[in-house]
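Let me begin by presenting the structure, written as structure tokens, before commenting on it.
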Amino acid sequence: MKIVVFSGAGMSAESGISTFRDANGLWANHRIEDVATPEAWLKDSEKVQQFYNLRRKQILESSPNEAHFLIKEMEKLGDVTVITQNIDDLHERAGSIDVVHLHGNIRESKSSGPNQEAHYYPIDGWEIKMGDKCVEGYQLRPHVVWFGESVPNLEVAADLISKAAVLIVIGTSLQVYPAAGLIHAAPLNCTKFLIDPNASNLHVPSDFIVLSESASEGMLQCLGLLKEKSGPQ
Ligand SMILES: NC(=O)c1ccc[n+]([C@@H]2O[C@H](COP(=O)([O-])OP(=O)(O)OC[C@H]3O[C@@H](n4cnc5c(N)ncnc54)[C@H](O)[C@@H]3O)[C@@H](O)[C@H]2O)c1
């Protein structure tokens, strides 16, 4: 059984990592244009670097939550791929084997020159320093997809979702495109779940099973329903 999990910032909320749009979101104190666009990098790369260095530090100090571990546990039920909009690595640290990052991975850096997707470099610790260079001599920047940049893994993700028997959409406001449009790639006969405490305000097709719960409680319920469906183990 092909199971695809499509996660967003709410997935990591119980790990203490702020979401994007919630009232207390870390990002409430920062304008997107100042820290998460190519223009911001051109204008003040030191400020952008510092912003992501601090995000990386916070992520390193955080741990996967129960929902991340329940997704790992689901590998007993089928072939699980996680497609995440998150730039943190908490799915990997919970043990998930197959994780596709749509918006990059903050634990890696890449060139700020013309060949940005040629190579991703693991970052030792929490900091990319100004003056750290790629092999071609360009300043290293975080491996994250900024607003206005293309999403290299979009087609890979659409293909995976189009083959899913089960799709679990969890902790995303479905407002950041093109990623949010991916849920429509799921086949008609796919069993679809939406897990989000704010689910009543989100727009998904009517065949979704909606669980208005936190990630951990929602995953617990979802896992129970899937175990029932797949019969005795
Ligand atoms: N952890 C991270 O890596 C991180 C954090 C913030 C933002 N981002 C980036 O910002 C973009 C934001 O879009 P988004 O849709 O992922 O986030 P979003 O902030 O727009 O939406 C978060 C969603 O999570 C829900 N939520 C809040 N608490 C929850 C909980 N305990 N359990 C489950 N859901 C909960 C909210 O109701 C909301 O619908 C993403 O593309 C992502 O790359 C990443």
Side-chain angles (χ1 to χ4, degrees), residues 5-37 40 48 51-71 82-94 96 99-108 123 126 142-154 157 168-183 193-204 208-223:
V5 177
F6 180 52
S7 67
M11 179 80 220
S12 299
E14 289 165 89
S15 295
I17 299 175
S18 309
T19 62
F20 191 54
R21 288 191 173 70
D22 287 330
N24 298 326
L26 212 166
W27 295 63
N29 305 318
H30 296 90
R31 287 169 5 122
I32 288 171
E33 310 87 81
D34 291 342
V35 291
T37 62
V48 173
F51 175 79
Y52 284 98
N53 280 342
L54 293 176
R55 301 290 74 72
R56 191 176 302 107
K57 187 166 187 288
Q58 184 197 21
I59 286 166
L60 280 167
E61 288 163 359
S62 307
S63 303
N65 63 56
E66 197 189 343
H68 292 103
F69 289 113
L70 289 170
I71 289 170
V82 179
I83 299 170
T84 187
Q85 296 170 83
N86 294 343
I87 57 175
D88 68 53
D89 63 342
L90 297 183
H91 284 294
E92 286 93 337
R93 280 199 263 153
S96 281
V99 184
V100 175
H101 282 269
L102 273 184
H103 294 158
N105 179 347
I106 198 168
R107 300 287 306 277
E108 294 174 342
I123 300 168
W126 63 276
H143 169 28
V144 297
V145 174
W146 287 326
F147 288 89
E149 293 187 317
S150 62
V151 179
N153 277 334
L154 196 65
I168 302 168
V169 177
I170 179 164
T172 170
S173 63
L174 296 170
Q175 285 190 42
V176 176
Y177 280 82
L182 282 169
I183 62 165
F193 293 90
L194 172 70
I195 300 172
D196 196 299
N198 189 33
S200 56
N201 292 327
L202 305 181
H203 302 289
V204 288
F208 269 76
I209 299 164
V210 176
L211 302 172
S212 294
E213 303 286 357
S214 68
S216 55
E217 178 54 34
M219 269 310 300
L220 209 55
Q221 292 182 17
C222 178
L223 206 54

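Along the sequence shown, the residues carry numbers beginning at 1. Start at 1 and go down the list; that is how both ligands and their atoms are numbered.
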Q. At a 4.0 Å threshold, what atoms of ligand 1 neighbour a non-hydrogen atom of Ile17?
A. 1 (N)
Q: Indicate yes or no for a side-chain donor-acceptor contact from Glu14 to the backbone of Glu66 under 3.5 Å, with no hydrogens or angles considered.
A: no
Q: Report the part of Ala67 in contact with ligand 1, treating N, CA, C, O as backbone and CB onward as side chain, heavy atoms under 4.0 Å; options are side chain, backbone, both, neither.
A: neither
(Q) Would Met11 count as a polar contact of ligand 1, with the cut-off being nitrogen or oxygen pairs under 3.5 Å? (A) no
(Q) So, regarding Val176 and ligand 1 (criterion: nitrogen or oxygen to nitrogen or oxygen, under 3.5 Å), is there a contact or not? (A) no
Q. Can you name the closest pair of heavy atoms from Ala36 and Trp146 and give their distance?
A. O-CB, 3.2 Å
Q | Numbering as shown, the atoms of ligand 1 that approach His103 to under 4.0 Å (heavy-atom distance) | A | 40 (C), 41 (O), 43 (O)
**Q.** ligand 1 atoms in contact with Gly8 (distance to a heavy atom under 4.0 Å)
**A.** 16 (O)
Q: Between Thr19 and ligand 1, find which residue part has any heavy-atom pair under 4.0 Å and reply side chain, backbone, both or neither.
A: both
Q) What part of Ala13 sits under 4.0 Å from ligand 1 if we count only heavy atoms: the side chain, the backbone, both or neither? A) side chain
Q | Contact summary for Met219 and Ile195, nearest pair of heavy atoms | A | N-CD1, 3.8 Å
**Q.** Minimum heavy-atom distance Leu102-Leu182, with the two atoms named
**A.** CD1-CD1, 3.6 Å
Q) Can you name the nearest heavy-atom pair linking Asn86 to Ser12, along with the distance? A) ND2-OG, 3.5 Å
Q. For the side chain of Asp196 and the backbone of Val210, is there at least one donor-acceptor N/O pair under 3.5 Å apart?
A. no
Q.
Checking the side chain of Arg107 only, and the main-chain atoms of Ile59 only, is there a donor and an acceptor separated by less than 3.5 Å?
A. no
Q: Looking only at distances, please establish whether an N/O atom of ligand 1 is found under 3.5 Å from an N/O atom of Ala215.
A: yes
(Q) Just to be sure I read this right, does ligand 1 sit under 4.0 Å from the backbone of Gln85, its side chain, both, or neither, counting only heavy atoms? (A) both
Q: May I ask you to check whether Gly171 has an N/O atom sitting below 3.5 Å from an N/O atom of ligand 1?
A: yes
Q: Taking all heavy atoms of Ser63 and all of Ser15, pick out the closest pair and write down the distance.
A: O-OG, 2.7 Å
Q: Would you mind running through ligand 1 and noting each atom that sits below 4.0 Å from a heavy atom of Ile87?
A: 2 (C), 3 (O)
Q: For residues Val176 and His103, report the shortest heavy-atom separation together with the two atoms involved.
A: CG1-CE1, 4.0 Å
Q: Classify the contact between Asp88 and ligand 1 as side chain, backbone, both or neither, using a heavy-atom distance cut-off of under 4.0 Å.
A: both
Q: Taking only heavy atoms of Thr172 into account, list the atoms of ligand 1 that are under 4.0 Å away from them.
A: 14 (P), 15 (O), 23 (C), 39 (O)
Q. Can you list the ligand 1 atoms lying under 4.0 Å from a non-hydrogen atom of Ser18?
A. 5 (C), 6 (C)
Q: State the atoms of ligand 1, each with its element, that fall below the 4.0 Å cut-off from a heavy-atom position in Glu14.
A: 31 (N)
Q. In terms of ring plane angle, is the pair His68 and His91 parallel, tilted or perpendicular, where the classes change at 30° and 60°?
A. perpendicular
